[in-house]
Amino acid sequence: MTPVELAAENGEIVSENLDGAPLALRGVTVSYGADPVVFSVDMTIAAGSMTAIIGPNGAGKSTLLKAALGIVSPLAGRVTCWGKPLESQRKRIAYVPQRASIDWDFPTQVRDVVMMGLHHELGLLSRIHGHHHAKVTECLTRVGMQDFADRQIGQLSGGQQQRVFLARALAQGADLYLLDEPFAGVDAATEAAIISVLKELRDAGKTVVAVHHDLSTVEEYFDRVFLINRRRMGEGPVAEAFTQDALHATYGGRLGDGLVARAG
Amino acid sequence: MFEALTLQLGYNAVLVTLGSAALGVAAGAVSAFLYLRKRALVSDAVSHATLPGLALAFLIMVAFGSDGRFLPGLMVGSALSAWAGLWTVNWITRQTRLPEDAAIGAVLSVFFGFGIVLLTIIQTMQSGRQAGLEGFLLGSTAGMLRSDALVIAAGGALVLLATFALRRPMLMTAFDEGYARVQGLNTARIDMALMVLVLAVTVVGLKIVGLILIVAMLIIPAVAARFWSENATHVALLAALFGGLSGYVGAALSATAPDLPTGPIIVLVAFALFALSLFLAPSRGVLASALRHRRLQHDVHLRQGLLALAHNQPVYEAMTQRMLRAHGMMRADGVPTDAGRIAAAAALQDETRWQELRRIEELAMLASRDDGLTPITDILTADQVALIDNRLKPQGVI
């Protein structure tokens, strides 16, 4: 029985018309060793939505995102973007990785990092022109980092590094933005700057998905949630899916009632 | 020596010097990408793994009746066994939980040991004809043919072209592998391409630098270049320059005396460049950081002096007084100048902003960036500074 049939059996309403969905996962299982980190997960991201992927530590949030992006290859299951294979839609997908995954002593400047977002335009050999530089400056301005263009990336604070990564994603001009813990270890001013850029993107019809760990801001920031604890624990608009029951089911006894109460 | 450096030592020496410079430029450029990808040590496995292939190629060519010293034939043989070594390193790291350095150590020693055994066999069997082969261990340019030099120069040029064409994907992969994959780059294939470049440099450099020391040419230029720049492209260009210089100067020097092995001289020249970089480079060099420390001391005294002035406190420390006077902030009699008053006010404002930052929940974690010297406007974005200033305004104004 496929996961979809299984879900239908359980009385859930499942739309198999995924043509419009910017991102759809079906039966995705990922394993690093013997134990699956993510087991048979279905996920459908609605176009023009802002979705938080939430779940306890080790629940496979980042792994799910990496599988959706093709960074890790799933043991089973498939990923489609706008109803087509992921590989054919690469240009339309932008990714903001976790800050911890980067060597900040790497000899590169803020401007060069954002320029990487223009990779699809630049290709292997074409020269960098004035309009490319202008695009980079524009994206840095959108995240308030225009004055830092010539800094070596290691000289920035955590929040500023995150803003640079967001600028790189903006430069790509993608339709789907996937962010891995964009607010981890950043100052609140940066958090506000990032969320306002993300909301701008959503209002312009783009789709945003972020792995998120702060339950207290879910309602304020996002319009949809996806709950995961190795398996899919719930999915839907924040008002419907972000409930005490769903959180208890996802986090088990580990979650303080105070946090859940806020979600009520 | 002057004749050697200006290519006036005769036809053979000129060939060797130019071929060696071409090799150095290629090796230097590749070294930068290898270093940035943090896989410099792999070159050690690749170079040592060439030996069995080199010896086998020699044996095969002799068996077919040639004299066995045909350079392209030897290069093909060593490339094949280096490939086998590389494949084994990758296989071990992929299939087992052994870290890559352990795999490199194992492959390096086993392949090299096997190669030495073959070399010994060749020596006992073909005592008259094996003359050239040990030359490949440390590099030897004696009796290098015109065709050999051309093969080396052409190989170097090809490597350089390929490196140029692949520079963007290689840098993206080195900096942020996950992002590179999301961009649709096949990072496994890009890493493989980098390894092929390393392998090509090794094989091309066998004759001149030798397989034991070629690893130096794939590491030293990059680490020397890294001292000078925070920009990956500049690091690669500088590394190519350092590699080319080492190849050129090293080969020229070794041509001045008979029996001087080329490889070690080239590596020593490269080391000299590294040592110069280590001490003299402006931002990351040893001398520069000593100077920076001194400047920091001065800055601290100046800042403390200015804050004392701003609070109308007396300045006691001799060095602080000296700094204030040297910057025209204080007159000889201890009275602050106009410039001193302005600077003191600015220092006080900065200090106040930093202190306010600690009280703002949203920014408090940035307090760790406060070193007492860096102006807050260098650290925070304009909107963050505005947030602080807004809170510092008298309540009535808001």
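The chains referred to below are lettered A, B, ... by the order of the sequence lines, with proteins before strands, and numbering in each begins at 1.
Taking the ring centre of A:Trp82 as origin, the terminal cationic atom of A:Arg92 falls inside the region bounded by 6.0 Å and 45° from the ring axis.
The pair B:Arg359-B:Glu356 meets the salt-bridge criterion, with a side-chain N (NZ, NE, NH1 or NH2) lying under 4.0 Å from an Asp/Glu carboxylate O. Look at B:Glu100 and B:Arg94 and you find no salt bridge, because none of the NZ, NE, NH1 or NH2 atoms lies under 4.0 Å from a carboxylate O. A:Glu181 has no carboxylate O lying under 4.0 Å from a charged side-chain N of A:Arg99, or vice versa, which leaves the two without a salt bridge.
Ring orientation note: the planes of A:Tyr221 and A:Phe183 are tilted relative to one another, at an angle of 30° to 60°. Ring orientation note: the planes of A:His131 and A:His129 are close to parallel, at an angle under 30° on the 30°/60° scale.
Donor-acceptor pairing under 3.5 Å is recorded for the side chains of A:Gln98 and A:Ser62.
Contact annotation for A:Glu191: neither backbone nor side-chain heavy atoms come within less than 4.5 Å of a heavy atom of chain B. Using a 4.5 Å cut-off between heavy atoms, A:Ile153 touches chain B through its side chain atoms alone. Only the side chain of A:Gln172 comes within contact range of chain B, judged by heavy atoms closer than 4.5 Å. Looking at A:Arg163, the atoms closer than 4.5 Å to chain B (heavy atoms on both sides) all sit in the side chain, from C-beta outward.
Residues of residues 106-117 of chain A lying under 4.5 angstrom from chain B, judged on non-hydrogen atoms, are A:Phe106, A:Pro107, A:Thr108, A:Gln109, A:Asp112, A:Val113, A:Met116, A:Gly117 by number. Residues from residues 377-386 of chain B that place a non-hydrogen atom less than 4.5 Å from a non-hydrogen atom of chain A comprise B:Asp378, B:Ile379, B:Leu380, B:Thr381, B:Asp383, B:Gln384, given in numerical order. By a heavy-atom distance cut of under 4.5 Å, B:Glu230, B:Asn231, B:Ala232, B:Val235 are the residues of residues 230-237 of chain B near chain A, going up by number.
Residue A:Lys91 places its NZ atom among 12 or fewer non-hydrogen atoms of other residues, nucleotides or ligands, all under 6.0 Å distant.
The main-chain N or O of B:Thr93 is never found under 3.5 Å from a side-chain atom of B:Thr96 such that the two would form a donor-acceptor pair.
Between chain B and the residues A:Ala94, A:Ala169, A:Ala174, A:Gly123, the most heavy-atom pairs under 4.5 angstrom are made by A:Gly123. Of the residues considered (A:Glu87, A:Arg151, A:Gln146), A:Arg151 shows the highest number of contacts with chain B, using heavy-atom pairs under 4.5 Å.
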Throw together a table of side-chain donor-acceptor distances under 3.5 angstrom for residues 291-299 of chain B, partners on residues two or more places apart or in other chains.
residue: B:Arg292; atom: NH1; partner: B:Ser283; partner atom: O; Å: 2.9
residue: B:Arg292; atom: NH2; partner: B:Ser283; partner atom: O; Å: 3.1

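Checked against the 6.0 Å centroid threshold, A:Trp104 and A:Phe165 count as a close aromatic pair.
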